[in-house]
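Read through the structure below, which is laid out as structure tokens, and then see the notes.
First the proteins, then the strands, lettered A, B, ... as listed; each starts at 1. The shown structure was predicted, so the numbers you read here are calculated from the model rather than taken from an experiment.
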Number of protein chains: 2
Amino acid sequence: MPSDTKDRILDSAEILFAQNGFSATSLRAITDHADVNLASVNYHFQSKDALVQAVLMRRLNPVNQRRLEMLNAILQRFPASPPPVEEILEAFYRPVVEEVMKSQREGRPIMPLIGRIFIEPGELVASQVRSLMSQVVTAFVDAFHLALPQVPPAVLFWRLQFAVGMMSHTFAAAPLIEGLSRGRIRINDTEEVLRQLIAFAAGGLRGAMP
Amino acid sequence: MPSDTKDRILDSAEILFAQNGFSATSLRAITDHADVNLASVNYHFQSKDALVQAVLMRRLNPVNQRRLEMLNAILQRFPASPPPVEEILEAFYRPVVEEVMKSQREGRPIMPLIGRIFIEPGELVASQVRSLMSQVVTAFVDAFHLALPQVPPAVLFWRLQFAVGMMSHTFAAAPLIEGLSRGRIRINDTEEVLRQLIAFAAGGLRGAMP
DNA sequence: GCATTCTTAAAACGGACGTTTGACTGAATG
DNA sequence: CATTCAGTCAAACGTCCGTTTTAAGAATGC
């Protein structure tokens with residue numbers, strides 16, 4: 001447990017945002033959970049909105065950086081031939097899944113938070129996510145174009161969004177999905193989740209053109 | 001003659017819930033938009049939570065009924081041979097996409113609402129969705145098992161959830177997606193959306209076993 | 001026509017919200 | 001030693017929240 005007030009606020013805010021959403025989580029609930037004074041939120045961050053942005057940035061920036069690193073490593077290994085679709089998908093999925101599962105194990109269940117960021121209403125979160133994701137989207141659409149040159153870029157863009165939605169929904173609705181499955185599946189094994197995601201998305205990306 | 005106050009509340013609540021989410025939408029915003037008295041919400045419905053449930057039920061019940069009708073029609077046309085995956089997927093997707101696009105055309109943009117219901121935090125919405133979806137999930141997993149007998153039921157369940165997430169995310173993050181695509185795709189054509197969804201999901205369902 | 005039920009209206013309830021204030025701390029600076 | 005200054009704290013600010021109350025109107029049954 002960190003002793004710095006700013007980090008304690010970020011940690012508690014992350015947990016409570018994941019559990020209850022952004023607008024349903026009050027600053028008082030956060031400061032109670034973090035055991036800090038209420039006014040320290042507006043001292044270290046300027047407002048609740050800025051706190052939301054800080055929570056998102058702290059998680060998304062390292063993940064997206066890792067995604068681009070893995071993607072570049074793949075592209076360098078295939079300088080002249082189409083890179084395998086499955087490897088590109090792993091570069092896209094693994095950094096997120098590992099980050100989520102790691103937090104889960106550490107008692108910080110941020111799974112629904114990661115699942116919800118694309119869907120959160122309000123222009124504040126949307127513009128934040130847009131600026132954080134545009135580089136990643138461009139890089140992966142380009143990579144899929146190398147892997148599947150016969151698929152038009154517009155269709156590849158559709159399919160990348162579907163690949164995002166698969167993961168987003170799996171994390172955000174994890175308790176609901178596990179309940180509906182009546183014990184058939186569990187969403188807590190990094191490699192199993194990655195296998196299922198990659199197998200489905202690879203099939204979808206290669207699917208017959210509509 | 002039943003009063004139209006109740007329906008006006010439902011219509012306005014639906015629009016504002018879709019725009020701003022459930023907890024960020026106040027009853028005063030709803031009654032102002034509907035041009036009715038504030039107290040009429042607690043008169044016709046008992047609470048805000050009950051209003052949320054009523055809004056969800058009014059939309060989801062007809063859609064899920066239509067899904068099961070279309071699925072049964074397909075299964076009756078293939079009594080002895082595996083039904084085509086694409087037709088099952090159309091039975092799953094078309095009722096939702098048509099409902100959403102129809103509302104969109106009528107000036108009632110409920111797209112983000114439909115996309116967000118699986119992801120909304122809080123046990124109230126979750127239990128509501130669970131009871132509304134369990135019959136549909138069971139019926140479609142069974143149908144996919146007929147269409148793809150070589151795929152284990154647990155994997156089919158994973159893949160049905162991925163199919164849900166694709167659509168969910170497409171609707172909930174539609175403005176974000178259209179922005180990130182920089183004009184490459186638009187999410188307003190029923191048949192185009194259905195083609196893209198079905199093509200990707202069919203490829204994914206048929207994908208190599210992980 | 002009167003009585004009863006259903007529906008709307010304005011106003012207020014207590015509480016929770018995000019934010020601001022002003023006093024106070026304790027270590028660092030010169 | 002006096003001063004500064006980032007940080008913490010309790011308290012209060014005005015606003016908005018979901019809900020309730022009280023009363024007046026509209027509809028319905030006899």
Side-chain angles (χ1 to χ4, degrees), chain A residues 1-58 113 116-117 120-128, chain B residues 1-58 113 116-117 120-128:
Chain A
M1 186 82 70
S3 56
D4 187 44
T5 300
K6 200 168 174 179
D7 287 328
R8 296 168 61 117
I9 293 172
L10 282 172
D11 288 344
S12 293
E14 185 176 68
I15 295 172
L16 296 176
F17 285 160
Q19 268 172 23
N20 310 317
F22 296 114
S23 72
T25 301
S26 69
L27 294 186
R28 284 169 176 82
I30 294 170
T31 54
D32 283 359
H33 184 276
D35 202 31
V36 301
N37 189 269
L38 169 62
S40 56
V41 175
N42 288 86
Y43 176 76
H44 287 285
F45 312 87
Q46 298 87 332
S47 63
K48 184 183 178 180
D49 283 340
L51 173 63
V52 169
Q53 291 186 242
V55 169
L56 292 185
M57 199 119 65
R58 188 176 65 144
L113 179 72
R116 215 183 288 127
I117 51 177
E120 190 69 17
E123 189 50 33
L124 271 143
V125 174
S127 67
Q128 178 85 353
Chain B
M1 178 132 95
S3 79
D4 61 345
T5 301
K6 203 169 171 177
D7 287 326
R8 296 167 65 115
I9 292 172
L10 282 172
D11 288 343
S12 294
E14 185 176 68
I15 295 172
L16 296 176
F17 285 159
Q19 269 173 21
N20 310 316
F22 296 114
S23 73
T25 302
S26 69
L27 295 185
R28 284 171 176 81
I30 294 170
T31 53
D32 283 0
H33 185 277
D35 202 30
V36 300
N37 189 270
L38 169 63
S40 57
V41 173
N42 289 85
Y43 175 78
H44 286 286
F45 312 87
Q46 300 87 331
S47 64
K48 184 184 178 180
D49 283 341
L51 172 63
V52 169
Q53 292 188 243
V55 168
L56 291 185
M57 198 119 66
R58 188 176 66 145
L113 178 73
R116 214 183 289 126
I117 51 177
E120 190 70 16
E123 189 52 32
L124 271 142
V125 174
S127 67
Q128 178 85 354

Quiz item: Short question: side chain of Ser12(A), backbone of Ile9(A) - any donor-acceptor pair under 3.5 Å?
Solution: no
Exercise. Answer yes or no: is there a side-chain heavy-atom contact under 4.5 Å between Gln19(A) and Leu16(A)?
Key: yes
Exercise. Report the distance from atom CZ of Arg8(A) to atom C1' of dT8(D), rounded to the nearest whole Å.
Key: 13 Å
Exercise. Enumerate the residues from residues 12-19 of chain B whose closest heavy atom to DNA chain D is under 4.0 Å, giving them by residue number; use none for an empty result.
Key: none
Quiz prompt | Rounded interatomic separation in angstrom, taking NZ from Lys48(B) and C1' from dC17(D) | solution = 8 Å
Exercise. Could you pull out the closest heavy-atom pair between Gln53(B) and Leu124(B), with the gap in Å?
Key: OE1-CD2, 3.8 Å
Practice problem: Please round to the nearest 0.5 Å and tell me the distance separating atom CZ of Arg58(B) and atom CG of Asp7(B). | Solution: 6.5 Å
Self-check item: Closest-nucleotide ordering on DNA chain C, the 5'-leading residue of Ala29(A) and Gln46(A)
Solution: Ala29(A)
Quiz item: Looking only at heavy atoms, what is the nearest atom pair of Ile15(B) and His33(B), with distance?
Solution: CD1-CE1, 4.0 Å
Quiz item: Over how many whole Å does the gap from Phe22(A) atom CZ to dC17(C) atom C1' extend?
Solution: 18 Å
Quiz item: Using a cut-off of less than 4.0 Å, is there contact between a side-chain N or O of Ser26(B) and OP1 or OP2 of dC17(D)?
Solution: yes
Exercise. Tell me whether the guanidinium CZ or amine NZ of Lys6(A) lies under 6.0 angstrom from the six-membered ring centre of Tyr43(A) and within 45° of its axis.
Key: no
Quiz item: Do the side chains of Asn37(B) and Thr31(B) get nearer than 4.5 Å, heavy atoms only?
Solution: no
Exercise. Evaluate the side-chain proximity of Arg28(B) to Leu38(B): yes if any heavy-atom separation is below 4.5 Å, no if none is.
Key: yes
Quiz item: Listed in order of residue number, which residues of residues 30-43 of chain B have a non-hydrogen atom at under 4.0 Å from DNA chain D?
Solution: Leu38(B), Ala39(B), Asn42(B)
Quiz item: Between Arg116(A) (side chain) and Phe22(A) (backbone), is there a donor-acceptor pair under 3.5 Å?
Solution: no
Quiz item: Is the distance from OP1 or OP2 of dA6(D) to the nearest side-chain N or O of His44(A) less than 4.0 Å?
Solution: no
Practice problem: Give one of base, sugar-phosphate or nothing for Ser23(A), where a contact means two heavy atoms less than 4.0 Å apart. | Solution: nothing
Quiz prompt | d(CZ, Phe45(A); P, dT20(C)) in whole Å | solution = 16 Å
Quiz item: Arg28(B) CZ to dC13(C) C1': how many Å, rounded?
Solution: 11 Å
Quiz item: Separation of Ile9(B) atom CD1 from dG18(D) atom P, in whole Å?
Solution: 13 Å
Exercise. Send over the distance from Asn20(A) CG to dA16(C) C1', rounded to a whole Å.
Key: 15 Å
